[in-house]
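Order of listing sets the numbers, starting from 1, for every ligand and every atom in it.
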Amino acid sequence: MKTNSLDSSGETRRSFIIRGTASIAALSLPLIGIPSLTVYGGQMMTPPKNALVLWYSQTGNTQRCGRVIAQTLEDKGILTRASDYRDLEPSDVSNYDMIVAGSPVYYYEVPSNFRRWLATIPSLVQKPVASFVTFGGEGGNQFNTALSLLELLADKGGIPLCMDMFGNMSTFAITWSTGNVNRVLKHSHKPDCESFKRIRHFAESLTEAASEERPHVFHKKTDFREWIKGGPSIWGTKLMINQHTIDKSLCVECGICTDQCPTSAIDLSTGAIDSKACIACLACVNNCPEQAVIMEFMHKRVYGYKTFIKQQGIHIQEPDECPANA
Ligand SMILES: Cc1cc2nc3c(=O)[nH]c(=O)nc-3n(C[C@H](O)[C@H](O)[C@H](O)COP(=O)(O)O)c2cc1C
């Protein structure tokens with residue numbers, strides 16, 4: 001029998017086998033399983049007197065959450081420092097009784113620059129720790145990313161208390177630049193007062209969790225994105241970036257892009273961007289106030305977050321626009 005003969009649906013035997021094998025493989029992903037991970041907490045803890053809330057943030061969402069958490073802890077009587085990790089020395093974490101770390105989800109994972117920095121902090125033995133992530137849209141491995149972040153703190157000996165995920169409008173500029181504007185605009189009302197209420201509640205629950213003795217158990221969720229998170233997703237995106245450079249005629253040398261680039265890939269003097277070092281985080285294109293970063297994705301010009309919200313007349317809600325008990 002010919003392997004390529006057409007059946008009544010017009011499908012060849014070969015394509016049927018390929019499609020069938022692919023479907024079985026896809027369906028088995030949850031069964032084969034991504035190793036599930038459990039982090040235990042719940043040891044006896046002395047209530048924290050002071051805390052450090054630290055974050056990585058490129059376009060302000062994670063920073064906004066971090067500030068709300070820090071303010072809520074202060075309101076609870078805990079002396080709290082709120083800081084971007086880039087303004088801290090790794091050794092600074094030793095000065096605090098409780099550590100809360102926040103990160104955006106980038107490519108289904110905690111961004112590598114933040115992971116690397118967290119790997120250099122000193123021991124957190126006996127210190128309660130918590131994590132939060134901000135994300136855009138839906139279904140982007142957010143739960144596992146928050147748990148990865150918690151795990152990084154637990155690896156240092158920290159006692160995991162809790163973790164949470166807070167949604168925003170996505171800042172992944174490639175989505176709107178390739179025509180999927182509505183997918184992004186669906187979430188343009190976020191963060192709203194309800195979001196800030198949830199963030200405050202998370203911060204309040206930290207202090208309660210710190211005084212409990214029961215173990216806090218966290219399991220990673222089975223999600224195929226665990227297999228493509230970070231590197232593979234970044235490489236895939238980079239393969240489709242046709243152009244990435246600085247237009248020297250538009251650049252005012254304000255240095256925002258070089259400050260924001262986590263891998264020092266930009267040479268402002270020549271306008272060149274080292275594509276090997278670049279991790280496609282879009283920090284340059286998202287933050288340039290002059291649209292001087294020329295990036296093309298599948299031959300479409302990528303325009304950044306600042307330009308997008310201005311064009312769309314989007315107002316990003318600030319926590320102080322919402323009364324604490326709204
Ligand atoms: C390069 C890049 C990759 C992203 N990847 C994801 C993702 O995998 N899953 C997700 O839910 N959101 C993703 N997002 C959306 C961000 O997580 C979200 O907008 C976040 O709130 C940004 O935080 P920031 O303003 O503190 O940088 C991505 C955004 C960028 C710029």
May I ask you to identify the nearest protein heavy atom to [atom], giving residue, atom name and distance to one decimal place in Å?
atom: atom 22 (C) of ligand 1; result: T171 OG1, 3.5 Å
atom: atom 20 (C) of ligand 1; result: T134 OG1, 3.3 Å
atom: atom 1 (C) of ligand 1; result: C281 O, 3.4 Å
atom: atom 11 (O) of ligand 1; result: Q142 NE2, 3.0 Å
atom: atom 2 (C) of ligand 1; result: F172 CD1, 3.4 Å
atom: atom 4 (C) of ligand 1; result: V105 O, 3.4 Å

### Query
Okay, side chain of D164, backbone of V133: is any donor-acceptor separation there less than 3.5 Å?
no
### Main-chain N/O of A119 paired to K156 side chain as donor or acceptor, under 3.5 Å
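It does hold such a pair.
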### L152 vs R115, side chain to side chain contact (heavy atoms under 4.5 Å, CB included): CA-CA, chis, key distance, verdict
CA-CA 8 Å; L152 286 166; R115 294 180 69 85; 4.1 Å; yes
### Task
Test side chain to side chain contact (heavy atoms under 4.5 Å, CB included) on L149 and L118 and set out the steps.
CA-CA 9 Å; L149 185 53; L118 285 169; 3.5 Å; yes
### Task
May I ask you to decide if the ring planes of F172 and Y107 are parallel, tilted or perpendicular, using 30° and 60° as cut-offs?
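Plane angle over 60°, so perpendicular.
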### Message
Is the ring pair F166/F202 parallel, tilted or perpendicular, if the boundaries are 30 and 60 degrees?
### Response
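Correct class here is perpendicular.
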Please list, in number order, the atoms of ligand 1 under 4.0 Å from a heavy atom of [X].
X: S170; value: 15 (C), 19 (O)
X: Q58; value: 24 (P), 26 (O), 27 (O)
X: G140; value: 8 (O), 9 (N), 11 (O)
X: T62; value: 23 (O), 24 (P), 26 (O)
X: N168; value: 21 (O)
X: Y108; value: 7 (C), 8 (O)

Counting heavy atoms only, which part of [X] comes closer than 4.0 Å to ligand 1: side chain, backbone, both or neither?
X: Y107; answer: both
X: T59; answer: both
X: A280; answer: backbone
X: M169; answer: backbone

Evaluate the side-chain proximity of [Y] to [X]: yes if any heavy-atom separation is below 4.5 Å, no if none is.
X: Q312; Y: F308; value: yes
X: D92; Y: L52; value: no
X: F135; Y: S170; value: no

### Per atom 15 (C) of ligand 1, closest listed option by heavy atom (S57, P104, G136, C65)
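Ranked by closest heavy atom to atom 15 (C) of ligand 1, first place is G136.
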### Task
Examine Y106 against ligand 1 and note whether any of their N/O atoms are separated by less than 3.5 Å.
yes
### Query
G60 to ligand 1: N or O pair under 3.5 Å?
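Yes, since at least one N or O of G60 sits under 3.5 Å from an N or O of ligand 1.
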#### Entry: Flag for Q243-H299: side-chain donor and acceptor within less than 3.5 Å
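Distance-only check fails for H299 and Q243.
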### Message
On a heavy-atom basis, which atom in K306 and which in N287 lie closest, and how many Å separate them?
### Response
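Between these two residues, the closest heavy atoms are NZ-O, 3.3 Å.
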### Query
Has G137 got any heavy atom lying under 4.0 angstrom from an atom of ligand 1?
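In this structure, G137 fails to qualify as a contact of ligand 1 - no heavy atom is under 4.0 Å.
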### Task
Answer yes or no: is the gap between the SG atoms of C257 and C288 smaller than 2.5 Å?
no
